[in-house]
Structures are given as C-alpha cells and as structure tokens.
Amino acid sequence: MDSPFTDLDRPPLNEAALRRALLVPGGLWREVDVLPETGSTNVDLARRADEAEGLILVAESQVAGKGRLDRRWSAPPRSGIAVSVTLAPNEVPVARWGWLPLLAGVAAAAAVSRVAGVQARLKWPNDLLVGERKLAGILAERAGAGVVLGIGLNVSLREEELPVPTATSLLLAGAESIDRDPILRAILRELEDWYTRWRLAGGDARTSDLLAAYTGACATIGRRVRVELPADRTLEGPATGIDDDGRLLVTTTDGPTAVGAGDVVHVRPTTD
C-alpha cells in the first residue's frame, strides 16, 4: 500500500479533527475511525451490529466496496469518501426504514451543495447525479436490529480514473472545494440532522419535511422510467412521486404501482 502522501493532491483525512468536530455531547455520533484500507466499510460495521448506533467508519481505500445488487465500487486511494454508519431507529415502524437511503441522499446533496458548490440531483433510491452522471451511491443494509448505511462519493477522480463512463466526481463537476474533511463533516452533520428529525416524527416523512425535501431534489420524478425487478420482471411508465414508505410510484398500463426495490433506468422526461 502506498504512502498517504504520495499524491499531494489527495491528503489523508484527519481522524483526530473529525472526532473533535463530530463527537459532541448529546449527539448521535459516538465513535469515528479512519482506516487506511479495508474491504468494505459496510461489511466491517455489520460485524458490530450488536453495538449501539452512532458508529462511523471511513476508509481511505476500499478494495471490495459494493453498491446495490452486489455491484462492485472502487476508486484510487483518497480520491473519494467511503463512509458507513450504524443506525437503529427502533421507534420507527420497519416499513418506513426504506426512507433511510433517501434521507442519506438528501443529506449528501445538501452537503456537497453547501461545501463544494455542486448541485446534485437524486436518483431513486440511492444515487446522486450531476446531469445524468453518477456522483455518489448509497447502500443501506439490515444488520442485527439496525441498519448499516454506506455512502460512496467521488471527490477528486479524474476522467481516466472513473470506474464507468457514466460516473463523475466533484472535481469534474467544477467543485469550489475538493477538501474531503469539511465535505465529510457536512455529510455526517446533515445526516444526523435529518435522521433525528425523521426519527422524532416516528418515521413520518411528511411531518419531518423529508418527503418535500426529497421530491424537490429528485431527478426521477417526472421521468419515464424502466424498473428492473427481481425474477427478470420489468415495468415501465412515468414516475409520479414517492409514497409515505419511500417507495417510487410508477404509472403503468395496469395503473399506479408502488416500487419498493428495483434497478431504475431513466428513459426520458415525460409529459404524461
């Protein structure tokens, strides 16, 4: 493994500074660890699922990172943010836990807008987009009695380093700053704020204003989409909104359908 200082444009994260900024009395976060390298931060935290919520694990390099549907996710060391946290919203009905990746998307989009000056849109259920290119991915997985929530954000990747041509980074999007420390702090503070509001509202996305924030930033609503479902099934039609459980509403020839899981392809804007 190379030295943290071999690429001076990509300095290492400051673990001590992150702890001072994020571990505050009465706050959600109670532990912050930064690893030089790991397989997957989500997998690492899933092994600690029996501990109380509020763990933060960051990796400078992930060699076995993954997204939804077991897709692999990788990036050069220190070129992005790979962070996972543990959450346990036990007072919220499990049916509403589908809001967690959407909540994380709202938090991450607000953070990159405020700190980096990049306006990202949300693709249901787990991506941040700049235009049609993917800036970040989110993965929420049940672990024990709670959830491990992971966010992978491309920060300083250059065009030739992108894992796929449909990806992008803050650097390529013309960010005002690509300093990962303040960006990471902002993401985690926004995540804590939205999570606390949503949890205190019993997971009610309307009362907590999460539904309004998500729909206002969602690039999927108003698009004609194709949803690839398990067992090789698909449905296609205009995406018209998000329901109270965080499911995507798609109007097909058979009428409105609420989609709780699936791979969504944006086909084209719709005027239906």
Side-chain angles (χ1 to χ4, degrees), residues 1-24 27-67 70-87 104 107-108 111-112 115-116 128 134-141 143 147-164 167-172 175 177-189 191-192:
M1 187 174 59
D2 62 344
S3 163
F5 296 99
T6 53
D7 189 336
L8 298 181
D9 291 330
R10 292 171 174 166
L13 293 165
N14 187 326
E15 184 179 74
L18 289 171
R19 288 176 173 168
R20 287 194 299 269
L22 296 167
L23 305 185
V24 298
L28 171 65
W29 309 123
R30 61 185 187 84
E31 184 177 310
V32 179
D33 291 302
V34 178
L35 302 178
E37 181 179 286
T38 192
S40 162
T41 53
N42 263 33
V43 171
D44 291 347
L45 283 191
R47 298 190 183 105
R48 303 174 62 184
D50 58 339
E51 299 182 35
E53 69 176 354
L55 304 180
I56 300 170
L57 184 62
V58 190
E60 298 283 30
S61 174
Q62 278 195 131
V63 296
K66 63 177 182 176
D70 285 329
R71 294 190 178 110
R72 292 300 160 187
W73 182 88
S74 63
R78 303 177 304 283
S79 66
I81 290 172
V83 58
S84 296
V85 302
T86 56
L87 303 172
V112 299
V115 179
L128 271 68
K134 181 173 176 177
L135 177 68
I138 296 162
L139 180 64
E141 300 178 291
V147 171
V148 175
L149 180 68
I151 301 174
L153 172 69
N154 296 331
V155 178
S156 65
L157 276 82
R158 307 165 187 113
E159 195 76 41
E160 67 274 13
E161 295 174 323
L162 295 174
V164 292
T168 190
S169 68
L170 291 178
L171 174 69
L172 295 173
S177 171
I178 55 170
D179 186 337
R180 293 182 303 146
D181 273 278
I183 296 170
L184 177 57
R185 293 180 209 177
I187 290 172
L188 292 167
R189 285 169 175 157
L191 181 59
E192 178 176 6

Student: Is Glu60 reaching over with its side chain to a backbone N or O of Pro12, donor-acceptor style, under 3.5 angstrom?
Tutor: no
Student: Kindly indicate, with the supporting measurements, whether the criterion side chain to side chain contact (heavy atoms under 4.5 Å, CB included) is fulfilled by Leu28 and Leu87.
Tutor: CA-CA 9 Å; Leu28 171 65; Leu87 303 172; 4.0 Å; yes
Student: Between Val32 and Leu23, is there a side-chain heavy-atom distance shorter than 4.5 Å?
Tutor: yes
Student: Do Arg180 side-chain atoms and Pro11 backbone N/O form a donor-acceptor pair below 3.5 Å?
Tutor: yes
Student: Return the set of residues passing side chain to side chain contact (heavy atoms under 4.5 Å, CB included) with Ala167 (not counting sequence neighbours), or none when no residue passes.
Tutor: Asn154, Leu162, Pro163, Val164
Student: Measuring from atom CG of Leu139 to atom CG of Leu149, what distance do you get when rounded to the nearest 0.5 angstrom?
Tutor: 8.0 Å
Student: To the nearest 0.5 Å, tell me how far Glu192 CD sits from Ile56 CD1.
Tutor: 8.5 Å
Student: Of all heavy-atom pairs between Ala104 and Ile151, which one has the smallest distance, and what is that distance?
Tutor: CB-CD1, 4.3 Å
Student: If the condition is side chain to side chain contact (heavy atoms under 4.5 Å, CB included), which residues does Ala21 pass it with, not counting sequence neighbours?
Tutor: Arg185, Arg189
Student: Can you check whether Gly54's main-chain N or O pairs, donor with acceptor, with Arg30's side chain at less than 3.5 Å?
Tutor: no
Student: Taking all atoms of both residues into account, what is the closest heavy-atom pair of Asn14 and Ala17, and its distance?
Tutor: OD1-N, 2.9 Å
Student: Check the pair Leu184 / Leu153 against side chain to side chain contact (heavy atoms under 4.5 Å, CB included), numbers first and verdict last.
Tutor: CA-CA 10 Å; Leu184 177 57; Leu153 172 69; over 6 Å; no
Student: Indicate whether any N or O donor in one side chain lies under 3.5 Å from an N or O acceptor in the other, for Ser79 and Glu161.
Tutor: no
Student: Report yes if some heavy atom in the side chain of Glu51 is under 4.5 Å from a heavy atom in the side chain of Thr86; otherwise report no.
Tutor: no
Student: Quick one, Val147 with Glu141, criterion side chain to side chain contact (heavy atoms under 4.5 Å, CB included). Give me CA distance, side-chain angles, the key distance, then yes/no.
Tutor: CA-CA 5 Å; Val147 171; Glu141 300 178 291; 6.0 Å; no
Student: Could I get the full list of side chain to side chain contact (heavy atoms under 4.5 Å, CB included) partners for Asp33, not counting sequence neighbours?
Tutor: Glu15, Arg19, Glu31, Arg48, Leu57
Student: Hey, could you give me the CG/CD1 distance between Leu13 and Ile81, rounded to the nearest 0.5 Å?
Tutor: 7.0 Å
Student: Measuring from atom CD of Glu159 to atom OG1 of Thr168, what distance do you get when rounded to the nearest 0.5 angstrom?
Tutor: 7.0 Å
Student: When Gln62 is tested against each of Asn42, Asp44, Thr41 for side chain to side chain donor-acceptor pair (under 3.5 Å), which residue passes?
Tutor: Thr41
Student: Write down the atom of Ser84, the atom of Val148, and the distance for their closest heavy-atom approach.
Tutor: CB-CG1, 4.2 Å
Student: Any chance you could measure Leu170, atom CG, to Leu157, atom CG, to the nearest 0.5 Å?
Tutor: 10.0 Å
Student: Are the side chain of Ser169 and the backbone of Ser156 linked by a donor-acceptor contact shorter than 3.5 Å?
Tutor: no
Student: What's the shortest heavy-atom distance between Ala116 and Ser177, and which atoms?
Tutor: CB-O, 3.6 Å
Student: Indicate yes or no: at least one non-hydrogen side-chain atom of Leu188 is less than 4.5 angstrom from one of Val85.
Tutor: yes
Student: Specify the closest pair of heavy atoms between Leu22 and Trp29, including all atoms of both residues, with the distance to one decimal.
Tutor: O-CB, 3.9 Å
